[in-house]
J.: 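Structure incoming, see below.
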Amino acid sequence: MHWFVEVLRKYAVFSGRARRKEYWCFALFYLVLYLISGVIDLVLGSIWRPGEAEIGVLALLLGIALFLPSLAVAVRRLHDTDRSGWWVLIAFIPIVGVIVLLVFLILDGTRGENRYGPDPKASATW
């Protein structure tokens, strides 16, 4: 929960670095919230059907609200591996792009300071 709130405090901060723990704890908590909102959408019947798609209204609102922090923490995670945040766009390449981005997000960050800032593990209290 701490890491989720920490990412929300840095709502649209694209500079700096994010540890693996920060990114993956945020992603896990986001997934749990998304699943809970999906269940609530099913129970309440708040499903929007544009064309043939079905979108839960609460899940859609959650996705919109957390889009910027999700993008920002992914960019900061890439910075931790000494890569430009623009690498997040590789996800638009079908299948291969998502796999490459996933590998980048899983890799350990560079030790010590890099061009994006100091090592977040060096000053970590968690």
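All figures in this text were calculated on a predicted structure; none of them were measured in a lab.
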J.: Starting at OH of Y30, measure out to CG of L8 and round the result to the nearest 0.5 Å.
T.: 10.5 Å
J.: Mind jotting down which residue pairs meet the salt bridge (charged side-chain N to carboxylate O under 4.0 Å, His left out) criterion with at least one end in residues 64-74? Sequence neighbours excluded, please.
T.: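 As it turns out, there is no salt bridge (charged side-chain N to carboxylate O under 4.0 Å, His left out) pair with a partner in residues 64-74 once direct neighbours are skipped.
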J.: Among the clusters formed by ILVMFWY side chains lying less than 4.5 Å apart, do V88 and V103 turn up in the same one?
T.: yes
J.: V43: which other cluster members, linking ILVMFWY side chains closer than 4.5 Å, directly or transitively?
T.: V39
J.: Which residue pairs pass the salt bridge (charged side-chain N to carboxylate O under 4.0 Å, His left out) test when at least one of the two sits in residues 65-79, sequence neighbours left out?
T.: E22-R76, R77-D80
J.: Just checking F29 against W3, ring centres under 6.0 Å apart?
T.: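 No: the rings miss the under 6.0 Å criterion.
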J.: Flag yes if F14 and V73 sit in one hydrophobic cluster, no otherwise; membership is Ile, Leu, Val, Met, Phe, Trp, Tyr, and two members link when side-chain heavy atoms are under 4.5 Å apart.
T.: yes
J.: Provide the closest heavy-atom pair for D41 versus S46 in the form atom of the first, atom of the second, distance.
T.: OD1-OG, 2.6 Å
J.: For K10 and A72, which heavy atoms make the closest approach, and how far apart are they?
T.: O-CB, 4.5 Å
J.: So, using ring-ring contact (aromatic ring centres under 6.0 Å, His included) as the criterion, who are the partners of Y11 when residues are at least two apart?
T.: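 Partners of Y11 by the ring-ring contact (aromatic ring centres under 6.0 Å, His included) criterion come out as none, since no residue qualifies.
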J.: Is there a donor-acceptor pair under 3.5 Å between the side chain of R17 and the backbone N or O of G117?
T.: yes
J.: What about W86 and Y116, same hydrophobic cluster or not, with Ile/Leu/Val/Met/Phe/Trp/Tyr joined at side-chain heavy-atom distances under 4.5 Å?
T.: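 The answer is no; the residues belong to distinct hydrophobic clusters.
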J.: Evaluate side-chain contact (heavy atoms from CB on, under 4.5 Å) for I99 paired with V96, printing each intermediate quantity in order.
T.: CA-CA 5 Å; I99 293 169; V96 175; 5.8 Å; no
J.: Does R111, at its CZ atom, have more than 12 non-hydrogen atoms belonging to other residues, nucleotides or ligands within less than 6.0 Å?
T.: no
J.: Tell me, do V7 and Y23 make a side-chain contact under 4.5 Å, heavy atoms counted?
T.: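 Side-chain contact under 4.5 Å: no.
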J.: Return the minimal non-hydrogen interatomic distance between W87 and L78, and the atom names on each side.
T.: CB-CD1, 3.9 Å
J.: Using only atom types and a distance under 3.5 Å, with no angle test, would you say the side chain of R20 pairs donor to acceptor with the backbone of I106?
T.: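 Judged by distance alone, yes, a pair lies under 3.5 Å.
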J.: Return all side-chain donor-acceptor pairs below 3.5 angstrom for residues 54-68, not counting sequence neighbours, or 'none' if the list is empty.
T.:
from	atom 1	to	atom 2	distance (Å)
E54	OE2	R49	NE	3.3

J.: Using the rule side-chain contact (heavy atoms from CB on, under 4.5 Å), only one of L107, T110, N114 pairs with R83; which is it?
T.: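 Single side-chain contact (heavy atoms from CB on, under 4.5 Å) partner of R83 among L107, T110, N114: L107.
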J.: So which heavy atom on V98 is nearest to which on A91, and how close?
T.: CG2-O, 3.7 Å
J.: Please report the interatomic distance CD1(I90) to CD1(I93), rounded to the nearest 0.5 Å.
T.: 4.5 Å
J.: Considering only Ile, Leu, Val, Met, Phe, Trp and Tyr, and joining two whenever side-chain heavy atoms are under 4.5 Å apart, list the other residues clustered with L31.
T.: L35
J.: What pair of heavy atoms forms the shortest contact from S84 to H79, and how long is it?
T.: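 Answer, listing the atom of S84 first, then H79: C-CD2, 4.3 Å.
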J.: Any link between F26 and F104 through a network of hydrophobic side chains (Ile, Leu, Val, Met, Phe, Trp, Tyr) touching at under 4.5 Å?
T.: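 Shared cluster, yes.
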J.: Check this for me: does any side-chain nitrogen of one of D108 and K121 sit under 4.0 Å from a carboxylate oxygen of the other?
T.: yes
J.: Which heavy atom of L105 sits nearest to which heavy atom of W24, and what is that distance?
T.: O-NE1, 3.3 Å
J.: Do L71 and F4 land in one hydrophobic cluster if side-chain heavy atoms of ILVMFWY residues count as linked below 4.5 Å?
T.: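 L71 clusters together with F4.
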